[in-house]
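Each chain gets a letter, A, B and so on, in the order its sequence line appears, and its residues count up from 1.
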2 protein chains.
Amino acid sequence: MTDVKTGINPLFLREEELRQGIELLFFAYRDFTAEPDAILAEYGFGRAHHRVIYFVGRNPGMTVSDLLGILRITKQSLSRVLGQLVDEGFITQRPGARDRRQRLLELTEKGTEMERLLTERQRARIARAYREAGAEAVEGFRKVMLGLIDEGDRPRFPVRPPGRR
Amino acid sequence: MTDVKTGINPLFLREEELRQGIELLFFAYRDFTAEPDAILAEYGFGRAHHRVIYFVGRNPGMTVSDLLGILRITKQSLSRVLGQLVDEGFITQRPGARDRRQRLLELTEKGTEMERLLTERQRARIARAYREAGAEAVEGFRKVMLGLIDEGDRPRFPVRPPGRR
DNA sequence: CCATATATGTCAACATGACTGACGTAAAAA
DNA sequence: TTTTTACGTCAGTCATGTTGACATATATGG
């Protein structure tokens, strides 16, 4: 049970290592969301608004279904948040060219500005962490993070432009 | 604006790289919490219960203040969740030896069992990702994740046992 | 053409987990 | 002895998630 060479229980090390991973995820996510959350609160928005703005900005012309698939929430939950963003002029909807049942989503200028305001902090945080850790560490980070995501849901980078809708 | 050697705009690459980081965090956290959330729902609990159980299990004898500092929520928010866990026999409170105002928190046997049930999935997920990515990648992952956490809040590993309270 | 499936939206009711603000108690510290 | 600290509680509010039921417009397959 105890390694003869190191005098350390390897199972304990493994357990400790995995718990460290759990905690890193918790703390990183906590701090990663705290800054945008504070800005959002000033606008009467919440984290859900940020997520919608982010992904619509990232995938202009995406459908509501696409967004539901990414966020993994119900359409009723999304509709409240999306409705607010449309009403307040952050997002526009237009019918799909091939399938007119679809409402293709896009950021307005105002939405783009808000996206920048919110995401800028997160980009800065990541840039700092990447810079401090170095290119090799970043590669490792990416590998592990991709492995944490359910197979089949792993995003492909770089994101390709949206196809004809 | 365009790199002569690669024909690629380095600013675009950097932007893409950072957005990838944002998305990796979102997707990893989404999938990381989904499994325990599903189990918790069966018990009428939510993610907040898991966090309390996790950190109390990790730091037996921790105070309510310690927990508030980690979770970064208000005592009113914590009290409901913590109260439920105490009422239902997952957590015990006992007064501190040196400072009897404190309520030192510990998992009961039932709480320990629940902790294992919930965290086991997350440990397995991390173990898989670590195994697939390799030791070097794991080191890079740790470096980057620590850099994402606010300075001063970075956990030190391994966690040392709690001092005399 | 008609029946069915799909994309989206809406109404209603509810749970969870966060918040603020105010007030209370017991114990420690000055 | 006064003040501060650790913790709890009551009350109200908000954001974000859930289910379930129903509606509308459009696409698609027999």
*Closest to the Asp99(A) side chain: dA27(D), dA18(C), dT18(D)?*
dA27(D)
_Check: Arg80(A) side chain, dG9(C) base, donor-acceptor under 3.5 Å_ = no
*Among dG9(C), dG17(C), dG17(D), which nucleotide sits nearest the side chain of Gln93(A)?*
dG9(C)
*Round to the nearest Å and state the distance from Leu104(A) atom CG to dT8(C) atom C1'.*
12 Å
*Round to the nearest Å and state the distance from Gln102(A) atom CD to dT24(D) atom P.*
21 Å
_Checking side-chain polar atoms at under 3.5 Å, does Thr33(A) have a donor or acceptor matched by the opposite partner on Arg47(A)?_
yes
*Measure the distance from CZ on Phe45(A) to P on dG17(D) and round it to the nearest whole Å.*
14 Å
*Check the distance between dA27(C)'s P and Arg103(B)'s CZ and give it to me in whole angstrom.*
10 Å
*Answer yes when Lys110(B) and Glu88(B) have at least one side-chain N-carboxylate O distance shorter than 4.0 Å, and no when they do not.*
no
*Think Arg51(B) has a side-chain N or O under 4.0 angstrom from the OP1 or OP2 of dA18(C)?*
yes
*Measure the distance from CG on Leu40(B) to C1' on dG17(D) and round it to the nearest whole Å.*
15 Å
*dT10(C) P sits how many Å from Leu78(A) CG, rounded?*
11 Å
*Return the value, rounded to whole Å, for the distance between atom CZ of Arg30(A) and atom P of dA18(C).*
13 Å
*asked:* Taking donor-acceptor contacts at under 3.5 Å, does the side chain of Arg100(A) reach the base of dA7(C)?
replied: no
*For Gln76(A) and Arg101(A), take the nucleotide of DNA chain C holding the closest heavy atom to each; which residue's nucleotide lies nearer the 5' end?*
Arg101(A)
*Ile126(B) versus Leu25(A), closest heavy-atom pair with distance*: CD1-CD1, 4.4 Å
*asked:* When you measure from the side-chain N and O atoms of Ser65(A) to the phosphate of dT8(C), is any distance below 4.0 Å, counting only OP1 and OP2?
replied: yes
*asked:* Below the 4.0 Å mark, does dG8(D) have OP1 or OP2 next to a side-chain nitrogen or oxygen of Ser79(B)?
replied: no
*If you check every side-chain atom of Val64(B), which of dT16(D), dG17(C), dG8(D) has the closest atom?*
dG8(D)
*asked:* Heavy atoms from C-beta onward define the side chain here; which of dC19(C), dT16(D), dT8(C) lies closest to that of His49(A)?
replied: dT16(D)
*Could you tell me the separation between the NZ atom of Lys75(B) and the P atom of dA22(C), rounded to a whole number of Å?*
13 Å
*Across the strands shown, which category fits Gly83(A) at heavy-atom distances under 4.0 angstrom: base, sugar-phosphate, nothing?*
nothing
*Report yes or no: do Glu23(B) and Tyr54(A) form a side-chain donor-acceptor pair below 3.5 Å?*
yes
_Ion pair check, Arg19(A) and Glu15(A), cut-off under 4.0 Å_ = yes
*Kindly say if Thr74(A) contacts the phosphate of dG17(D), meaning a side-chain N or O under 4.0 Å from OP1 or OP2.*
no
